[in-house]
Amino acid sequence: MRKIQMVDLQTQYMQIKGDIDRGIQEVIDSASFVKGKKVQEFAEHLQEYTGARHVIPVGNGTDALQIALMSLGLERGDEVITPTFTFIATAEVVALLGLTPVVVDVDWETMNMDVEAVRRAITPKTKAIVPVHLFGQCANMEELLGIAAEKGLYVVEDACQGIGSVYTFSDGRKAQAGTMGEIGCTSFFPSKNLGCYGDGGALFTNDDELAARIKAIANHGMMVRYHHDIVGVNSRLDTIQAAVLDAKLPHLDEYISSRQTAAACYNEAFMGNEDILTPGKNAQSTHVYHQYTLRLSERVAPYRADIQKKLADKGIPSMVYYPVPLHLQKAYQDARYKEGDFPVAERLSGCVMSLPMHTCLDDEQLRYITENVLNAVKEV
Ligand SMILES: *Cc1c(COP(=O)(O)O)cnc(C)c1O
């Protein structure tokens, strides 16, 4: 059996080695490492794939989120609502820009932003909502967009884990993760659903004016060469990374279905086990399983580290995404929040466990993982 990894990028590379190597070599031959033509080509292909009117590639997903918030003309002290159960980058950029992160609890089943909590968190200072499509499943976009429209708020989607996920509105209209709010942000970090071989990210928007501002901000606030109308940053997708991504994009749907097949196998093995709760589904969204994150029962959750150790001893890695919610992180301590304020997120932090998830898990590996997870849970 092949070694089991959380993410197996070597096997995936071997499957498309020819295309990747050729793409990278072309960039080296052209010596056009920054703003090479592959960057624009890839952006166009991603535009076709997602249906977004504009795709603006940048240096990474965190930059994408920061640039998105910079482009909205927010002012110091304006409030931005994010879930408390997410990767830190979502709130980090809010804090860095001198905006005020307001965190809300999440839904126990989908682990995504709790819509009622968002409603309660809105104040006259609220300017934007940043839903995260956590683990690869869209947040409750129809209701969030409804609230935003009613209250005049921006929606910036953190689709860093959600690229390729499709949301169906109740009128039947379908949209890709990242293309529903004013702006969507994604990451091409190697382990993400569409990952490059270093750092990368992109913004999506359907708004022409916002697209122009975003492009300028990502390029030192420059609209006309060496004329800087707004304060910007330097954030670009390297041409070599664009070449890798352009070789991988045609396989994204196939990658997603491999992940879904692996997730279905996990779901089936754990179905009915009272100590293992499989990921809850939002009926309006597909799940692209950036992570397969199960929840341990109250009985076994206190022994999560022991379960992980048992699995590690069998050569099965596992991870805890995320062990500490934002409101309990040291850097984000805030007089407004205390332990106990967001019970669902706090409970999730104590009981979630992510299993190996990537595009090259085979039946033998999946069987070995599920058998050992079931045993480890039973034994504690
Ligand atoms: C990965 C990730 C980011 C940041 O992306 P980088 O490319 O690593 O900067 C932001 N938000 C979420 C939810 C992520 O998973």
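We number each residue from 1, following the sequence as shown. First listed ligand is number 1; within each ligand, the first listed atom is number 1. Just so it is clear, the model here is predicted, and its values are computed rather than measured.
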Report task. Please determine if E364 and R367 form a salt bridge, counting it only when a charged side-chain N lies under 4.0 Å from a carboxylate O. Result -> no
Query raised in the report: Under a 4.0 Å N-O cut-off, is there an ion pair linking K248 with D19?
Result: no
Query - Side-chain ion pair, D306 and K309, N-O less than 4.0 Å - result: no
Once you restrict both partners to nitrogen or oxygen, which atoms of ligand 1 have a protein partner under 3.5 Å, and how far apart are they?
residue  : atom   : partner : partner atom : Å
ligand 1 : 5 (O)  : S187    : OG           : 3.3
ligand 1 : 7 (O)  : G61     : N            : 2.8
ligand 1 : 7 (O)  : S187    : OG           : 2.6
ligand 1 : 9 (O)  : N60     : OD1          : 3.4
ligand 1 : 9 (O)  : G61     : N            : 3.3
ligand 1 : 9 (O)  : T62     : N            : 2.8
ligand 1 : 9 (O)  : T62     : OG1          : 2.5
ligand 1 : 11 (N) : D158    : OD1          : 3.3
ligand 1 : 11 (N) : D158    : OD2          : 2.8
ligand 1 : 15 (O) : Q161    : NE2          : 2.8
ligand 1 : 15 (O) : K192    : NZ           : 3.0

Query raised in the report: Could you go step by step and tell me if Y332 and H327 meet the ring pair (Phe, Tyr, Trp, His ring centres under 6.0 Å) rule?
Result: CA-CA 6 Å; Y332 292 81; H327 68 283; over 10 Å; no
Report task. Taking only Lys NZ, Arg NE, NH1 and NH2, and the carboxylate oxygens of Asp or Glu, determine whether R259 and E254 approach each other closer than 4.0 Å. Result -> no
Report task. Tell me who clusters with Y255, hydrophobic residues only, linked when side chains sit under 4.5 Å apart either directly or through other members. Result -> Y13, M14, I16, I20, I24, V27, I28, F33, Y197, I240, V244
